[in-house]
2 protein chains.
Amino acid sequence: MRSTIHKAMSDIKKESIPPATQAVASGGGMSPKQKTRIQITNEAKILEAALGVFAQEGFRGATLDRIASAADMSKPNLLYYFKNKEKIHIALLTGLLDIWLAPLSEISATGDPMLEIGGYIKRKLEISREYPRESRLFANEILAGAPHISDFLQTKLKKLVDEKAAILQRWIDNGQLAPCDPRHLLFAIWSTTQHYADFSVQVRLVLGLESEDNSYYGEASQMLETLFLGQLIRTYHCN
Amino acid sequence: MRSTIHKAMSDIKKESIPPATQAVASGGGMSPKQKTRIQITNEAKILEAALGVFAQEGFRGATLDRIASAADMSKPNLLYYFKNKEKIHIALLTGLLDIWLAPLSEISATGDPMLEIGGYIKRKLEISREYPRESRLFANEILAGAPHISDFLQTKLKKLVDEKAAILQRWIDNGQLAPCDPRHLLFAIWSTTQHYADFSVQVRLVLGLESEDNSYYGEASQMLETLFLGQLIRTYHCN
DNA sequence: TAACATTTTTACCGGCTGGTCAAATATTCA
DNA sequence: TGAATATTTGACCAGCCGGTAAAAATGTTA
């Protein structure tokens, strides 16, 4: 279930799970090793640096030299912590997938459709703002054909989507939600929210904002609320 | 013949200034050259091949070797037609931008809001289905920070968006459209429609479809119609 | 067909890329 | 402290990468 490397991500996301299995470094043994203080900080430094590079350049476009330099570290030193380029990439992706799934998981069958969907959109948009690089990393992976996460997509994600789509369908059948394909409703929520991270350059340039200006998220939130909740919920019979 | 990109090739072969004139050879001067039959077919072959590679790997991730091999051509031969890698990329992008702008241009201030917006969504979705590789090429360019098209984004695109947003705003003021930020409404349309091209791998895996199965576009179209037209237009006062 | 222009191929280059290795250095802990 | 261990470094490598040069092959046309 969890890749060994996944642990490394927990450092970056500052949840501290007690260290346990890890056999990344040092050539030989499969024996689980306790992580050193230095190991912890350096792995975090590497992942932090790699996240930016992978997110911008994609897997093939990113280079170890660039990551190492961004991590302020020599390349061989970097490779002392991660056996190869792919291991870094997988570590990042694995750590990301939990963040990705969480908001959808929280949708509850027993809640009010308006609040549940509204909350989901809010959470997704929040993640878009908080983790734009992770979002772009994910986008790059999909654009490249999802070579590392196709299994995740067709098992874990598909299962969760089917599950939540069933809930939405029940709401539709109850007349609490406008009739539509629930899975495509989820796609629409994904795309609109992630757009603000993945296409932030375009958004800013079109809106005439500066490079680090995130002020559009307020308008975005309002727009999405209008779009998805304004009418989609319960008022479809107006027509 | 898929792409309408050929027009971007004006600056490819040497410096061909406005074409059409068949010049008598003059010593030293750069004379505009008529394109050979072979030139035309090979440039098309290269662009066709490069489109797939750039769309999947991004600019840095794509290699001339791979493009050449996809075009069934030796690398030096490829470089006989395009001076370097960037020229190919720019040729593709340039050709793409017209496709990209066209649907938005067609929105008319004098039309019915429902029909205009509905038509725009349909056209965008159509382009997503017809030109998925172009869409991914564009997405890759944005993810990389729009190094080649930031000027386009902040001039031509921004201008067009401002113009069309003004139209939408007038509809809002007239009570024909739910109050919302018009520019963000456009973003929502862009993201939802392009999602089906850019994230098609994910869409297919989650829906359980085969690799080349495009059947989800029907459901997508219906979903977007429900989402954007079902209530956004004119019925916002139901609340 | 011969002269000319276009296209293709072969051979190559310097720098980058992912990655290895062993030696040198720093850290930990009995 | 000093031995054991963990970390860092520099030197290196084979293959890939974008790109060049020039000859060879092919096509065009007078």
Side-chain angles (χ1 to χ4, degrees), chain A residues 8 19 22-29 31-46 49-50 53-54 56-91 147-148, chain B residues 9 12-14 16 22-46 49-50 53-54 57-92 147-148:
Chain A
Q22 172 72 329
V24 160
S26 55
S31 52
K33 291 180 182 176
Q34 188 98 2
K35 274 195 188 168
T36 316
R37 166 183 56 88
I38 299 177
Q39 215 171 85
I40 290 172
T41 64
N42 277 353
E43 283 180 0
K45 224 167 60 167
I46 292 167
V53 178
F54 280 130
Q56 189 162 0
E57 309 282 8
F59 180 75
R60 274 188 54 85
T63 72
L64 289 180
D65 288 288
R66 199 174 289 208
I67 295 171
S69 130
D72 199 27
M73 201 178 272
S74 71
K75 187 169 58 172
N77 198 14
L78 179 152
L79 285 166
Y80 171 72
Y81 292 100
F82 291 89
K83 202 174 106 208
N84 56 39
K85 186 179 168 183
E86 200 176 16
K87 285 284 200 304
I88 306 177
H89 195 236
I90 291 180
H148 290 131
Chain B
M9 314 228 291
I12 283 161
K13 210 15 184 149
K14 312 240 171 166
S16 44
Q22 195 150 180
V24 188
S26 53
M30 226 40 117
S31 49
K33 290 178 183 173
Q34 188 116 353
K35 275 194 189 166
T36 317
R37 163 183 57 89
I38 299 177
Q39 215 171 86
I40 291 172
T41 64
N42 278 353
E43 284 179 359
K45 224 168 57 166
I46 291 168
V53 178
F54 279 130
E57 309 282 8
F59 180 74
R60 274 189 54 86
T63 72
L64 290 180
D65 287 288
R66 200 174 288 212
I67 296 171
S69 128
D72 199 27
M73 200 178 272
S74 70
K75 186 170 59 174
N77 196 16
L78 178 153
L79 284 165
Y80 170 73
Y81 292 100
F82 291 88
K83 200 173 109 210
N84 56 37
K85 185 179 169 184
E86 201 176 16
K87 285 284 201 299
I88 307 178
H89 195 236
I90 291 181
L92 286 171
H148 290 129

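Ranking dT8(D), dG19(C), dT7(C) by closeness to the Tyr81(B) side chain, first place goes to dT7(C). Here the side chain of Ile38(B) is nearest to one of dG27(D), dG19(C), dT17(C), namely dG27(D). Minimum atom distance to the side chain of Pro76(B) is reached by dA11(C), of the listed dA11(C), dC17(D), dC21(C).
We find that CG of Asn77(B) is positioned 15 Å from C1' of dA22(D), with the value rounded to whole Å. Between the CD atom of Gln39(A) and the P atom of dA6(D) there is a distance of 9 Å, rounded to whole Å. Atom CG in Asn84(A) sits roughly 5 Å away from atom P in dG19(C) (whole-Å rounding). Rounded to an integer number of Å, the gap from Ile46(B) CD1 to dG19(D) P is 14 Å. If you take CG of Asp72(A) and P of dT8(D), they are 11 Å apart, rounded to a whole angstrom. As rounded to whole Å, 9 Å separates atom P of dT7(C) from atom CD of Glu43(B). In this structure, Met73(A) atom CE and dT7(D) atom C1' are separated by 10 Å, rounded to whole Å. Spacing between atom NZ of Lys35(B) and atom P of dT6(C) amounts to 14 Å, rounded to whole angstrom units.
Within the 4.0 angstrom heavy-atom criterion, only backbone atoms of the sugar-phosphate kind lie near Arg37(A); the bases stay farther away. Contacts of Ala62(A) with the nucleic acid, taken as non-hydrogen atoms under 4.0 Å apart, involve only primed sugar atoms and P, OP1 or OP2. Nucleic acid contact for Ser74(A): base, since at least one base atom lies under 4.0 Å from a heavy atom of the residue. Using a 4.0 Å heavy-atom distance criterion, Leu79(A) is classed as a base contact. Within 4.0 Å (heavy atoms only), Arg66(A) reaches no atom of the nucleic acid at all. Counting any heavy atom pair closer than 4.0 Å across all strands shown, Leu64(A) reaches sugar-phosphate atoms only and no base atom.
Thr36(A) has a side-chain polar atom (N or O) that falls below the 4.0 Å cut-off from OP1 or OP2 of dT7(D). Side-chain N/O atoms of Tyr80(A) include none lying less than 4.0 angstrom from OP1 or OP2 on dT8(D). The shortest distance between the side-chain N/O atoms of Asn42(A) and the OP1/OP2 oxygens of dA6(D) is not below 4.0 Å.
Side-chain atoms of Lys83(B) stay outside donor-acceptor range of the base of dG19(D), with no qualifying N/O pair under 3.5 Å. Side-chain atoms of Lys85(B) and base atoms of dG19(D) include no donor and acceptor less than 3.5 Å apart.
Taking all atoms of both residues into account, the shortest heavy-atom contact from Val53(B) to Ala62(B) is CG1-CB, 3.5 Å. Nearest heavy-atom pair, Lys45(B) versus Asp72(B), reported as atom, atom and distance to 0.1 Å: NZ-O, 4.1 Å. Considering every non-hydrogen atom in both Leu64(B) and Leu79(B), the closest pair reads CD1-CD2, 4.0 Å.
The backbone N or O of Arg66(A) lies less than 3.5 Å from a partner atom in the side chain of Thr63(A), making a donor-acceptor pair.
Under the 30°/60° scheme for interplanar angles, the aromatic rings of Phe59(A) and His89(A) are found to be tilted.
With contacts defined as side-chain heavy-atom distances shorter than 4.5 Å, the pair Phe54(A)/Lys85(A) qualifies.
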